Amino acid sequence: GFVSVVPPRHIARFFQDYHRHLRAQGVDGVKVDNQATLEGVAAGLGGRVHLMQRYHEALEGAAQTHFAGALINCMSCANEMFYSALASTLTRTSTDFWPNDPASHGLHLHTNAQVGAWFGEFIHPDWDMFQSGHPMGAYHAAGRAVSGAPVYVSDKPEAHDFALLHKLVLADGSVPRADLPGRPTRDCLFHDPTREDVLLKIFSRNGDAGVIGVFNARYDAGNALPPIVGAVRPADVEGLLGKRFAVYAHSTGEMRAMAREDAWEVALLPLTSEVFTVVPILGGFAPIGLADKLNSGGTIASVVRRDGFCDVALRDGGPFVAWCEREPTEASAGGAALPFIYDAA
């Protein structure tokens with residue numbers, strides 16, 4: 001068969017005309033699919049690298065002119081695209097969310113994290129959409145919470161899980177995103193957690209704190225696989241400073257004080273997950289953040305420590321959790337006293 005393609009010498013004019021038309025219809029951004037397929041039509045046009053460079057210059061120029069650069073690159077996990085995305089770093093880093101393919105869910109998270117490890121230094125991974133009301137919605141939500149990526153859902157009308165969505169967003173609609181692309185921890189980087197009995201662990205940072213998503217990525221149709229046992233350590237978060245850390249498990253609400261190499265054993269059934277917040281203990285205090293958000297550390301706007309006090313600015317209201325060496329004498333917000341519960345354990 002034959003495929004028609006816009007010649008490189010005309011591609012800039014094509015994208016300018018096309019995006020000008022879209023903007024006139026009220027469109028305010030574009031997601032451009034099938035980028036890596038340029039390789040299949042590059043013969044006789046200078047090769048795949050030359051063709052991608054010309055196409056991407058035209059695409060980014062038109063998106064900048066008409067949409068202030070609001071561009072998502074998609075179906076573009078190819079070297080010639082990664083190295084040609086000079087002004088548009090947001091890039092889908094895995095295949096789609098497949099609601100009817102149970103074997104795809106662990107692979108989805110693993111692929112995104114692996115691409116982030118390789119190319120996250122100069123492109124910003126986009127982990128694609130998921131469905132909050134799907135049976136695997138919580139699993140994918142945990143992945144998005146540690147991804148550092150934007151969060152999208154493709155829910156059908158009236159099929160939202162609002163309780164789950166509230167764990168990912170703040171009251172103003174913003175997302176408490178982690179600072180860096182989610183990447184595999186060192187102990188699972190050279191394993192395949194979708195085929196081996198190894199937990200997939202994905203880490204990121206929130207300021208001077210860390211977050212670790214732990215996932216059982218195994219699936220075997222027709223077979224009931226046993227849980228996979230692994231361990232979480234503060235040392236899993238690359239570059240995290242400190243000697244002692246407060247580590248908080250989101251699902252169970254358990255908190256432990258741990259040294260850098262201490263291990264918290266975790267056992268997860270197939271396609272289940274847990275999210276851990278890891279905060280250095282300084283002056284006997286470690287703010288975890290809002291416990292009702294998966295990425296609790298991302299809900300902290302600032303921390304100011306002074307003798308005997310710690311001022312924590314939060315990005316939203318909700319149940320605040322912290323590790324305290326001794327019971328506080330008071331807690332207040334805006335000058336008003338707040339009730340609190342202190343667990344000596």
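Nothing here was measured: the structure is a model prediction, and the numbers come from that model.
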Does some side-chain heavy atom of [Y] sit less than 4.5 Å from a side-chain heavy atom of [X]?
X      : Y      : answer
Val32  : Tyr55  : no
Pro328 : Tyr342 : yes
Glu254 : Trp264 : yes
Leu45  : Pro8   : yes
Val115 : Trp118 : no
Gln114 : Leu189 : yes
Phe67  : Val27  : yes
Asp192 : His110 : yes

Practice problem: Applying salt bridge (charged side-chain N to carboxylate O under 4.0 Å, His left out), name anything that partners Arg9, two or more places apart in sequence or on another chain. | Solution: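 Per chain and number, Arg9 pairs via salt bridge (charged side-chain N to carboxylate O under 4.0 Å, His left out) with no residue.
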Quiz item: Of all residues at least two apart in sequence or in a different chain, which pass the salt bridge (charged side-chain N to carboxylate O under 4.0 Å, His left out) check with Glu80?
Solution: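 In terms of salt bridge (charged side-chain N to carboxylate O under 4.0 Å, His left out), with neighbours along the sequence ignored, Glu80 is linked to Arg48.
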Determine the minimum heavy-atom distance between [X] and [Y], stating which atoms define it.
X      : Y      : result
Ser204 : Val237 : O-CG1, 3.8 Å
Arg218 : Pro193 : CD-O, 3.3 Å
Arg92  : Cys74  : CG-SG, 3.6 Å
Gly120 : Pro181 : O-CG, 3.8 Å
Ala246 : Ile281 : N-CG1, 3.5 Å
Val214 : Leu268 : O-CD1, 3.5 Å

Does any N or O in the side chain of [X] come within less than 3.5 Å of the main-chain N or O of [Y], such that one atom is a donor and the other an acceptor?
X      : Y      : result
Asp96  : Trp98  : no
Thr111 : Leu107 : yes
Glu274 : Ser251 : yes
Arg260 : Leu240 : yes
Tyr219 : Asp101 : no
Asp236 : Arg233 : yes
Ser147 : Ala145 : no
Tyr139 : Phe215 : no
Gln64  : Glu60  : no

Exercise. Name the orientation class of the two ring planes belonging to Phe82 and Phe122 (parallel below 30°, tilted from 30 to 60°, perpendicular beyond 60°).
Key: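 Ring orientation of Phe82 relative to Phe122: perpendicular.
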Following the transitive rule for hydrophobic clusters with a side-chain heavy-atom cut-off under 4.5 Å over Ile, Leu, Val, Met, Phe, Trp and Tyr, establish whether [X] and [Y] coincide in one cluster.
X      : Y      : answer
Val266 : Val278 : yes
Val5   : Met52  : yes
Leu164 : Leu170 : no
Val41  : Phe14  : yes
Ile202 : Ile212 : no

Look up atom [atom1] in [X] and atom [atom2] in [Y], then write down how far apart they are to the nearest 0.5 Å.
X      : Y      : atom1 : atom2 : value
Thr194 : Leu200 : OG1   : CG    : 9.5 Å
Leu109 : His140 : CG    : NE2   : 6.0 Å
Gln53  : Leu38  : CD    : CG    : 12.0 Å
Glu330 : Phe340 : CD    : CZ    : 8.5 Å
Met81  : Thr91  : CE    : OG1   : 4.0 Å
Cys188 : Lys201 : SG    : NZ    : 6.5 Å

Got more than 12 heavy atoms from elsewhere within 6.0 Å of [atom1], [X]?
X      : atom1 : value
Arg305 : CZ    : yes
His21  : NE2   : no
Tyr18  : OH    : no
Glu121 : CD    : no

Practice problem: Please lay out, stage by stage, how His19 and Phe15 fare under the test ring-ring contact (aromatic ring centres under 6.0 Å, His included). | Solution: CA-CA 6 Å; His19 287 183; Phe15 274 120; 5.6 Å; yes
Practice problem: Assess whether side-chain contact (heavy atoms from CB on, under 4.5 Å) is satisfied between Val232 and Met258, documenting all intermediate values. | Solution: CA-CA 10 Å; Val232 169; Met258 302 174 65; 6.0 Å; no
Quiz item: For the ring pair His134 and Phe97, is the centre-to-centre distance below 6.0 Å?
Solution: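 Yes, the ring of His134 comes within the 6.0 Å limit of the ring of Phe97, centre to centre.
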Self-check item: Step-by-step side-chain contact (heavy atoms from CB on, under 4.5 Å) determination, Phe245 to Val279
Solution: CA-CA 5 Å; Phe245 303 87; Val279 184; over 6 Å; no
Only distances under 3.5 Å count here; give the side-chain donor-acceptor pairs of residues 224-231 to other protein atoms, sequence neighbours excluded, each with its distance to 0.1 Å.
none

Practice problem: Provide the full list of side chain to side chain donor-acceptor pair (under 3.5 Å) pairs with a residue in residues 28-39, sequence neighbours left out, each pair given once. | Solution: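 Passing the test, one end in residues 28-39: Lys31-Asp33, Gln35-His56, Gln35-Asn73.
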Quiz item: Does a donor on one side chain and an acceptor on the other come within less than 3.5 Å for Asn216 and Thr272?
Solution: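 No, no side-chain donor-acceptor contact under 3.5 Å.
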Practice problem: Step by step, work out the side-chain contact (heavy atoms from CB on, under 4.5 Å) result for Tyr83 and Phe119. | Solution: CA-CA 10 Å; Tyr83 293 111; Phe119 298 103; 4.1 Å; yes
Quiz item: For residues 144-171, which residue pairs qualify under salt bridge (Lys or Arg N to Asp or Glu O under 4.0 Å), counting only residues two or more places apart or in two chains?
Solution: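 For residues 144-171, and leaving out neighbouring residues, there are no salt bridge (Lys or Arg N to Asp or Glu O under 4.0 Å) pairs at all.
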Quiz prompt | Worked verdict on His66 versus Gln16 for side-chain contact (heavy atoms from CB on, under 4.5 Å) | solution = CA-CA 8 Å; His66 299 287; Gln16 286 291 341; 2.9 Å; yes
Quiz item: Is Arg20 salt-bridged to Asp17, going by a charged N under 4.0 Å from an acidic O?
Solution: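 Asp17 and Arg20: salt-bridged.
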Review item, side-chain donor-acceptor pairs of residues 285-302, under 3.5 Å, at least two apart:
unit_1, atom_1, unit_2, atom_2, d
Lys293, NZ, His166, O, 2.6
Lys293, NZ, Val169, O, 2.9
Asn295, OD1, Asn206, ND2, 2.8
Asn295, ND2, Pro176, O, 2.8
Asn295, ND2, Asn206, OD1, 3.1
Ser296, OG, Thr277, OG1, 2.8
Ser296, OG, Ile288, O, 3.2
Thr299, OG1, Leu290, N, 3.0
Thr299, OG1, Ser296, O, 2.6

